Protein chains: 2
Amino acid sequence: MAPTLALVGATGAVGTVMIDIINGRESVPWGEIRLIASARSAGKKIMVRGEERTVVELSPEAFDGVDVAMFDVPDEVSAEWAPVAAARGAVAVDNSGAFRMDDEVPLVVPEVNSGEVGNRPKGIIANPNCTTLSMMAALGALHREFELTELVVASYQAASGAGQGGIDRLHAELEAVAGKGLGSKAGDVREALEAAGLPLADSPFAGTPLALNVVPSAGSYKGDGWYSEELKVRNESRKILGIPGLKVSATCVRVPVVTTHSLAVHATFAREVTVDAAHKVFDAQPSIVLIDDPDNGRFPSPADVVGGDPTYVGRVRQALDFPNTLDFFVCGDNLRKGAALNTYEVAEQVIATL
Amino acid sequence: MAPTLALVGATGAVGTVMIDIINGRESVPWGEIRLIASARSAGKKIMVRGEERTVVELSPEAFDGVDVAMFDVPDEVSAEWAPVAAARGAVAVDNSGAFRMDDEVPLVVPEVNSGEVGNRPKGIIANPNCTTLSMMAALGALHREFELTELVVASYQAASGAGQGGIDRLHAELEAVAGKGLGSKAGDVREALEAAGLPLADSPFAGTPLALNVVPSAGSYKGDGWYSEELKVRNESRKILGIPGLKVSATCVRVPVVTTHSLAVHATFAREVTVDAAHKVFDAQPSIVLIDDPDNGRFPSPADVVGGDPTYVGRVRQALDFPNTLDFFVCGDNLRKGAALNTYEVAEQVIATL
């Protein structure tokens with residue numbers, strides 16, 4: 001019998017991308033595809049693989065008969081409902097932060113550690129944070145060859161990392177500031193946003209303008225100066241790569257880009273690494289696209305790669321003063337590989353283990 | 001007799017900011033202030049310290065009687081004319097890249113190495129690149145206390161680093177993309193710019209959209225994967241701080257901000273360093289403003305500090321896995337401290353050595 005797939009959070013920002021991905025990848029012939037959301041969205045009709053399907057309300061019974069349940073919902077919803085799905089016999093693939101660091105829950109990026117998919121004592125598999133995921137295919141490939149030991153990263157994170165509200169806010173801010181010659185006087189962007197009915201207190205970006213600006217914090221404050229996004233990059237990279245002692249420092253910064261996270265990566269390895277050797281590793285990885293042509297000034301940038309499935313890599317160079325170290329720049333669509341796509345790839349792999 | 005000051009490039013982007021700085025700082029009672037520019041701008045009238053002054057054309061005679069000549073012009077103009085000014089008896093303070101790495105030309109940031117001002121065998125003093133300068137007051141202060149050994153930085157560089165053309169381009173791009181919901185489909189920003197009569201071939205930003213995007217290259221390509229801005233950060237930091245063996249890796253990225261460069265800095269020291277000790281060092285430096293309040297989510301960002309003279313520092317934290325290492329975020333107005341202000345501060349110090 002063809003397996004049944006459930007999508008919890010079918011009407012959210014990531015859920016919408018997920019439906020696009022389900023429609024575009026025919027590799028698994030799902031039997032039923034069940035769309036689940038909160039009571040507010042129940043009853044909505046959405047086309048999936050050529051059939052109109054009605055969104056049903058989240059309830060224990062909604063998981064009956066489900067083989068794989070993908071969760072694209074806030075942490076607290078996953079924390080409550082992924083165990084319910086598992087208890088009803090589904091394998092829950094969760095894109096929230098609720099279970100990522102749980103020792104009994106594997107944290108999976110198929111290109112890196114697909115072997116972990118079958119190792120799920122709680123019936124739950126976690127999907128990494130979008131910032132970590134945006135660089136993980138590239139780092140995993142390099143790690144296999146050269147053995148990663150240290151990682152210093154700075155992020156250029158897109159507005160959609162804060163959900164549909166983040167996207168809408170950035171578009172509204174851009175409209176409010178465009179054509180006014182702002183950005184050369186302290187506070188003029190802030191004043192223009194307030195005047196346009198976009199109070200900073202309502203912003204998902206730390207009460208700081210995102211248009212014509214960058215915001216040097218992402219996620220929530222976790223003490224000792226560190227924000228949650230930065231600690232996720234550290235802790236999740238260690239778990240996915242299986243390097244408990246990996247040295248990591250991350251600085252996470254929001255930039256006025258709609259979708260696609262970028263990272264400047266400074267990665268040190270146990271073994272010698274050259275640009276040529278790294279290019280070969282990237283070229284051999286089907287999910288990585290190398291755009292690294294300094295002679296013609298061609299590199300990946302968010303506006304040119306958004307909506308794509310691969311991890312895009314460029315600006316690969318050998319650090320001049322640090323042995324066995326590469327500096328490079330990586331872009332990944334935070335809603336696709338950074339969220340929905342990776343979750344779906346894990347769901348596809350779960351089928352092989354049932 | 002009150003000294004005579006000349007400003008070469010008085011009508012450019014940095015020159016305009018320079019006049020604002022001359023008007024705002026009365027510490028040196030200049031006698032004559034001579035405005036010099038290309039033939040195209042000669043004859044223009046500009047108010048300086050309450051007097052209307054006429055821009056004169058660049059010529060050897062324009063430097064006669066000048067004590068200090070500040071150059072805010074392209075490299076090739078400085079390369080030709082700073083020696084001419086020096087030969088006519090002026091001390092040239094040059095903001096271009098023409099002389100920065102010349103062993104007989106000091107590269108000066110007053111807070112860090114003002115002692116070098118008098119050591120100018122060629123009669124020329126160089127002003128650092130704006131990206132390096134944006135973090136140098138902070139790094140110099142930390143270095144004095146803790147001895148800097150390693151530096152990994154990623155930049156968030158403003159459009160005005162590419163001059164007035166960069167500012168105009170960003171404003172035009174923002175106007176062309178605002179209100180259209182772009183940035184979620186690869187190439188849609190690029191298409192909108194072309195359609196709006198803003199061909200990417202004309203852009204100062206590597207033929208890549210800057211609106212709703214980040215551009216992972218700045219300056220010109222120098223081989224082995226490295227761009228000029230990145231090598232300047234390395235070489236100039238070493239020279240200014242007087243650490244020839246300083247280990248540096250920089251990734252320079254342009255962001256859609258009008259003015260004020262930001263940097264994510266990962267700095268390793270020979271001696272133990274804590275957040276409290278770093279805060280004390282920053283607080284003691286008059287040209288640094290510390291905005292580091294994670295409990296209220298308050299940190300510096302370009303839109304809130306642009307136009308200011310200080311270096312703004314925040315997000316100071318101890319690296320979790322790297323000994324004696326701090327991560328922090330720094331913002332500096334690239335046209336003021338990053339260019340005109342530092343040049344003018346050097347000019348003020350030259351007076352004391354005449």
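Remember, predicted model here, so these are calculated numbers, not experimental data.
Contact of B:V189 with chain A is made through the side chain alone, with heavy-atom distances under 4.5 Å. If you measure heavy-atom distances from B:R234 to chain A, the contacts under 4.5 Å come from the side chain alone. With a 4.5 Å cut-off on non-hydrogen atoms, A:S262 touches chain B through its side chain but not through its backbone. Contact of A:L151 with chain B is made through the backbone alone, with heavy-atom distances under 4.5 Å. At a 4.5 Å heavy-atom cutoff, the contact between B:T251 and chain A is made by backbone and side-chain atoms alike. Only the side chain of B:L170 comes within contact range of chain A, judged by heavy atoms closer than 4.5 Å. Proximity to chain A is limited to the backbone of B:A250, based on heavy atoms less than 4.5 angstrom apart. Residue A:E191 does not touch chain B at all, counting heavy-atom pairs closer than 4.5 Å. Only the backbone of B:S155 has a heavy atom closer than 4.5 Å to any heavy atom of chain A.
With chain A as partner, the option from B:S160, B:G181, B:G308 having the largest number of non-hydrogen pairs under 4.5 angstrom is B:G181. Among B:D327, B:T259, B:V305, B:L231, the residue making the largest number of heavy-atom pairs under 4.5 Å with chain A is B:D327. Ranked by heavy-atom pairs shorter than 4.5 Å toward chain B, the options A:V275, A:V306, A:V257, A:V258 are led by A:V306. The most heavy-atom pairs under 4.5 Å with chain A, out of B:V248, B:D333, B:V265, come from B:V248. Contact count versus chain A (heavy atoms, under 4.5 Å) is highest, among B:G187, B:A159, B:G207, for B:G187. Contacts with chain B were tallied for A:G307, A:P294, A:G297; A:P294 has the most, counting heavy-atom pairs under 4.5 Å. Interface check for chain A: of the options B:A154, B:S301, B:A178, the most heavy-atom pairs under 4.5 Å are formed by B:S301. Residue with the most contacts toward chain B among A:A264, A:A158, A:P302: A:P302 (heavy-atom pairs, distance under 4.5 Å). Heavy-atom pairs under 4.5 Å with chain B peak, among A:D168, A:L174, A:V253, at A:V253. The most heavy-atom pairs under 4.5 Å with chain A, out of B:P216, B:P256, B:G179, B:A206, come from B:P216. Counting heavy-atom pairs under 4.5 Å between each of A:V215, A:V255, A:D188, A:L182 and chain B puts A:L182 at the top.
Classification of the A:Y227-B:F299 ring pair by plane angle, with boundaries at 30° and 60°, yields perpendicular.
Proximity of the aromatic rings of A:Y156 and B:Y156 is defined here by a centroid distance below 6.0 angstrom, and this criterion is met. Aromatic ring centroids of B:F328 and B:H266 lie 6.0 Å or more apart.
In this model, no donor atom of one side chain and acceptor atom of the other lie less than 3.5 Å apart for A:N324 and A:T268. Donor-acceptor pairing under 3.5 Å is recorded for the side chains of B:T131 and B:Q157.
A distance of 9.0 Å separates CD in A:Q318 from OG1 in A:T325, rounded to the nearest 0.5 Å. The line from NZ of B:K239 to CG of B:N235 is 10.0 Å long, rounded to the nearest 0.5 Å. Atoms CZ and OG, on B:R254 and B:S217 in that order, are 8.5 Å from each other to the nearest 0.5 Å. With rounding to the nearest 0.5 Å, the separation of CG in B:L335 from CD1 in B:I21 is 9.0 Å. Note that CG of A:L210 is 6.0 Å distant from CD of A:E173, once rounded to the nearest 0.5 Å. A distance of 11.5 Å separates CG of A:D321 from OG1 of B:T149, quoted to the nearest 0.5 Å.
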| task | With salt bridge (charged side-chain N to carboxylate O under 4.0 Å, His left out) as the test, would you mind laying out the steps for B:R315 and B:D292 before giving the verdict? | result | CA-CA 6 Å; B:R315 296 298 325 278; B:D292 202 6; 5.6 Å; no
